[in-house]
Protein chains: 2
Amino acid sequence: MASRNTRILEAAARVIARRGVRGLRVEELAAEAGVSTGLIYYHFKDRTGILRHTLEFINDRAERYTTVRGPDAPPLGPREELEQILLLELQDTAEVRENSAAWGELRASAVFDPALREDLARATLVWVQEVAALLGQVRPMAPAAKLAAAAERLTALMEGLSMRWLSGGLAIDHARTLMAGGIEAELSGLEPR
Amino acid sequence: MASRNTRILEAAARVIARRGVRGLRVEELAAEAGVSTGLIYYHFKDRTGILRHTLEFINDRAERYTTVRGPDAPPLGPREELEQILLLELQDTAEVRENSAAWGELRASAVFDPALREDLARATLVWVQEVAALLGQVRPMAPAAKLAAAAERLTALMEGLSMRWLSGGLAIDHARTLMAGGIEAELSGLEPR
DNA sequence: GTCTATAGGGGGATAGAC
DNA sequence: GTCTATCCCCCTATAGAC
């Protein structure tokens, strides 16, 4: 693809990462994407439509960079894959920063904008289930309810650490260390005894 | 106290909890407080002034409800106090909801507004140290670095769960259960072996 | 201190040509 | 599909009476 539409969504992710959802101006987005405001409304109907599609877009993109690996890379074990999926969101690269910032903004916006909640809840659920499935591969004897709870905590922790990182209160390396420790702690809690 | 000024700040907390920082309209605030917009500008100079004073107000209030207990209440052990301090922020009461929503808004705003970062970082540090101290009382043999890491994770987890609760993706009871499980997990990780 | 009335402008959204 | 031009609402902030 890389259709015109995608160019606008990429631009939206950049603008949101720079200004926040509240700071997003359709005019600025238009300039960033190199199109007119009219075209944006033609494609996305209104401001909320822009936001909703951007959320979907960053979600797909995150899925790509957390799951796709090189063609001849060695296959990962579940434990490694688990760490990958949670630690890849804590990297100081432009794309990850954009995704994390946009995700955090959308989460915060959803508190006051019911229109965003459904999409967000669905995306969160997919993510939690993915983590729970990986936890289940590492700890096959653990009951499903415990796996689900651990996955919910790990993903919520990830969001909390990400916000602290982005709001300048936590160095990225330290955030990664804390996240790794959290995985460790949850896995011990799931150990057979 | 309970001056006219305080009435406006209480109203501001309610409006922010309902609409968010970005959704606060001075006219709506005026109606909520039962005064005119002119009076609000007379007291607080401008929109930013309203926000700054409201966030200060909310902070003082949170300190009150997480630390003050009844005069003849039995003293809490460190473990109970730890649970109190972390679970009190996950309650579906108007005041807690207001405070949590405002805190989340502040955290999210700080990502794009460096002016807010310093206050936020300081408040977070105080909170983390408080939790670390309580963890240290429950697990006196644990090294300081491990206590600090556990406290950072628990407070970050608390913020993450709070956001999910407020954005409608997580029932409050479930959030509390998850938080309690997180405390449990971190305490086992700090056990002497 | 408190109100009413209003200026002033930013920005979302649309109309209509191409 | 894409652009230009523009409407007009909403919301911040101020002026001035009481």
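In what follows, chains carry the letters A, B, and so on, assigned in the order in which the sequence lines appear, proteins first and then strands, with residues in each chain numbered from 1. In this text, all values refer to a predicted model and were calculated from it rather than measured experimentally.
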If you count the non-hydrogen atoms of other residues, nucleotides and ligands that lie under 6.0 Å from CD in B:E63, is the total more than 12? no

D:dA13, C:dG1, C:dC3: which one has an atom nearest the side-chain heavy atoms of B:Y41? D:dA13

Quick one: A:L29 CG to C:dG11 C1', roughly how many Å, whole number? 13 Å

A:S36 has its side chain closest, among D:dT2, D:dT12, C:dG12, to D:dT2

Could you give me the CA-CA distance, side-chain angles and deciding distance for A:E56 and A:R52, then say whether salt bridge (Lys or Arg N to Asp or Glu O under 4.0 Å) is met? CA-CA 6 Å; A:E56 190 182 355; A:R52 283 225 316 277; over 6 Å; no

Rounded distance (Å) that lies between atom P of D:dT12 and atom CD of B:E28: 10 Å

Taken to the nearest whole Å, OH/A:Y42 to C1'/C:dA17 is 15 Å

Quick one: B:F44 CZ to D:dT14 P, roughly how many Å, whole number? 16 Å

B:T155 and A:R164: side-chain donor and acceptor closer than 3.5 Å? yes

With sugar-phosphate meaning primed atoms plus P, OP1 and OP2, does A:L24 contact a base, only sugar-phosphate, or nothing at under 4.0 Å between heavy atoms? sugar-phosphate

Do other residues, nucleotides or ligands put more than 12 heavy atoms under 6.0 Å from the NE2 atom of B:H53? no

Closest approach to the side chain of A:R25, judged atom by atom: which nucleotide of D:dC11, C:dG11, D:dT14 is it? C:dG11

Euclidean distance, atom CG of residue A:L39 to atom P of C:dG12 [Å, nearest integer]: 16 Å

Roughly how many Å is it from CZ in A:R47 to C1' in D:dC9, rounded to a whole number? 16 Å

Using whole Å, report how far CD of A:E27 lies from C1' of C:dA13. 12 Å

Send over the distance from B:I50 CD1 to D:dA13 P, rounded to a whole Å. 8 Å

Sorted by position of nearest nucleotide on DNA chain D, 5' first, the leading residue of A:H43 and A:T37 is A:H43

